[in-house]
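In what follows, a structure is listed as structure tokens, so that the remarks can point back to it.
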There are 2 protein chains.
Amino acid sequence: MASDARRAGRRSGNPEPYTLASLVEVAARAFNERGYDATSMEDLSRAAGITKSSFYHHVAGKEALLRAALDRALDGLFGILGEPGAVDGEPLERLRHIVRRQVEVLATELPYVTLLLRLRGNTETERWALARRREFDQAVAGLVAAAVDAGAVRPDVHPVVAARLLSGTVNSLIEWYRPGRVPLADLVDAVDRQVFEGLRR
Amino acid sequence: MASDARRAGRRSGNPEPYTLASLVEVAARAFNERGYDATSMEDLSRAAGITKSSFYHHVAGKEALLRAALDRALDGLFGILGEPGAVDGEPLERLRHIVRRQVEVLATELPYVTLLLRLRGNTETERWALARRREFDQAVAGLVAAAVDAGAVRPDVHPVVAARLLSGTVNSLIEWYRPGRVPLADLVDAVDRQVFEGLRR
DNA sequence: GTCTATACCCGGATAGAC
DNA sequence: GTCTATCCGGGTATAGAC
């Protein structure tokens with residue numbers, strides 16, 4: 001019945017059935033399915049099991065949902081840059097650490113990172129998130145350049161182009177990876193090897 | 001003045017200032033900048049230099065513009081599969097031919113392919129284009145599997161995952177490649193080497 | 001906290017004069 | 001072919017009863 005779905009949050013014993021975080025999760029998934037602009041607040045409220053007006057009682061608006069989701073994605077990514085494996089050691093090994101961890105964060109925070117990677121920059125919120133994303137990419141690009149300088153990569157690579165292709169390869173996971181199909185550890189290894197060793201035997 | 005911009009098409013000596021193709025090009029660029037849903041017919045008509053109603057005199061509607069743009073992208077991609085280099089020879093070399101040509105088509109048909117790669121499948125037109133795109137990807141995946149069987153690639157690659165990563169790497173070009181910055185021939189070589197030889201020296 | 005009802009705006013698309 | 005004016009549906013968001 002409708003009231004069953006409507007109260008599922010309460011039934012499951014959650015004392016706060018409609019937390020911001022849970023609504024953000026619902027919203028992020030919907031945004032990814034249909035696109036941010038094509039998703040209406042009506043869609044979101046129905047997915048949450050309440051009416052549009054009730055939904056507005058819990059969230060400030062559509063853009064606030066987007067912002068919260070993007071925050072979560074960026075926190076995940078920037079967290080990687082502070083890890084010991086990303087800070088200490090040879091440039092190539094630091095780069096490998098970041099790539100491998102980035103695959104894991106993409107997989108575990110999939111809906112949020114997907115949203116981040118599809119932004120067009122139409123609003124101030126989107127432009128802010130895009131700027132932070134560029135910061136992350138530039139950190140990676142810096143490491144690629146350092147690895148080139150250290151002689152750890154093929155001498156003919158163009159650092160800027162290589163960094164873009166590297167990021168593109170990793171980020172393309174959002175287009176097809178779904179939890180549970182390919183074991184995450186296998187995926188991490190597959191990306192690592194494909195990026196650093198290439199396909200050819 | 002407004003009338004100057006408005007009649008730029010005529011002034012430039014074009015006898016048919018508003019062909020479908022030229023309006024599709026304008027539309028594709030706008031769709032890519034702001035996203036399809038966020039782009040209004042008002043935006044498009046203004047970009048073309050005429051009013052919304054005049055714009056409707058030339059095109060059937062927003063979705064028709066999208067469809068024409070997607071057609072162009074798909075024609076470019078499927079054209080590759082029929083080329084001799086994609087049909088004859090060892091699997092790995094056929095795959096390399098496709099990858100290199102795919103980079104070229106992405107670059108030359110950039111606005112149209114970009115649109116194709118960002119579809120969400122909200123309308124029948126979008127789902128049709130996505131289905132055709134999957135056909136293309138499956139052709140590539142088949143070649144990856146054949147190259148594995150032929151022993152031309154590292155024996156530990158998972159063909160399906162490798163094909164996805166391969167497509168992801170190539171397709172990620174739309175996110176940053178802009179004509180004239182990096183010479184196209186260099187880009188083709190860079191993608192070829194990164195995909196098949198990897199980054200490590 | 002949730003609902004019904006509604007204000008308000010904007011987008012796609014059309015009518016009809018020039 | 002282009003314009004002004006308009007229709008109509010659907011979107012975000014709010015008011016106010018329960």
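All chains are named by letter (A, B, ...) in the order of the sequence lines, taking the proteins before the strands, and each is independently numbered beginning at 1. Hydrogens, waters and symmetry mates are skipped; everything else that's a heavy atom, side chains included, is used.
- One atom, OH of A:Tyr56, and another, C1' of C:dC8, lie 12 Å apart when rounded to the nearest Å.
- The side-chain contact (heavy atoms from CB on, under 4.5 Å) check on A:Glu135 picks up A:Phe78, A:Arg132, with sequence neighbours excluded.
- Distance, A:Asp37 CG to C:dC10 P: 15 Å, rounded to whole Å.
- A:Phe55 places its CZ atom 19 Å from the P atom of D:dA15, with the value rounded to the nearest Å.
- Going from atom CD of B:Glu63 over to atom C1' of C:dG11 covers 15 Å, rounded to whole Å.
- Using a 4.0 Å cut-off between a side-chain N of Lys or Arg and a carboxylate O of Asp or Glu, A:Arg200 and B:Glu197 qualify as a salt bridge.
- Partners of A:Glu63 by salt bridge (charged side-chain N to carboxylate O under 4.0 Å, His left out), not counting sequence neighbours: none found.
- Among the protein residues, A:Thr39 comes within range of the sugar-phosphate backbone only, with heavy atoms under 4.0 Å from sugar or phosphate atoms but none that close to a base.
- Ionic pairing of B:Arg29 and B:Glu33 is not present here: no N-O contact between side-chain nitrogen and carboxylate oxygen is shorter than 4.0 angstrom.
- Comparing A:Thr51 and B:Lys52 along DNA chain C, the residue whose closest nucleotide (by nearest heavy atom) sits nearer the 5' end is A:Thr51.
- Summarising the geometry, the separation between CZ on A:Arg46 and C1' on D:dG10 is reported as 13 Å, rounded to the nearest angstrom.
- A sub-4.0 Å separation between OP1 or OP2 of C:dT2 and a side-chain N or O of A:His58 is present.
- Of the candidates D:dT14, C:dG1, D:dT2, the closest approach to any side-chain atom of A:His57 belongs to C:dG1.
- Look at CD on B:Glu42: it is 13 Å from C1' on D:dA5, rounded to the nearest Å.
- Phosphate proximity of C:dC3 to A:Ser54: present, with a side-chain N or O under 4.0 Å from OP1 or OP2.
- The listed nucleotides are D:dC3, D:dT2, D:dT12; the one nearest the side chain of B:Tyr18 is D:dT2.
- Looking at heavy-atom distances under 4.0 Å, B:Ser40 makes contact with sugar-phosphate atoms alone, never a base.
- Cation-pi check for A:Arg67 over A:Trp128 is met; the charged atom lies under 6.0 angstrom from the ring centroid and within 45 degrees of its normal.
- Put simply, CE on A:Met41 is 17 Å from C1' on C:dC10, counting in whole angstrom units.
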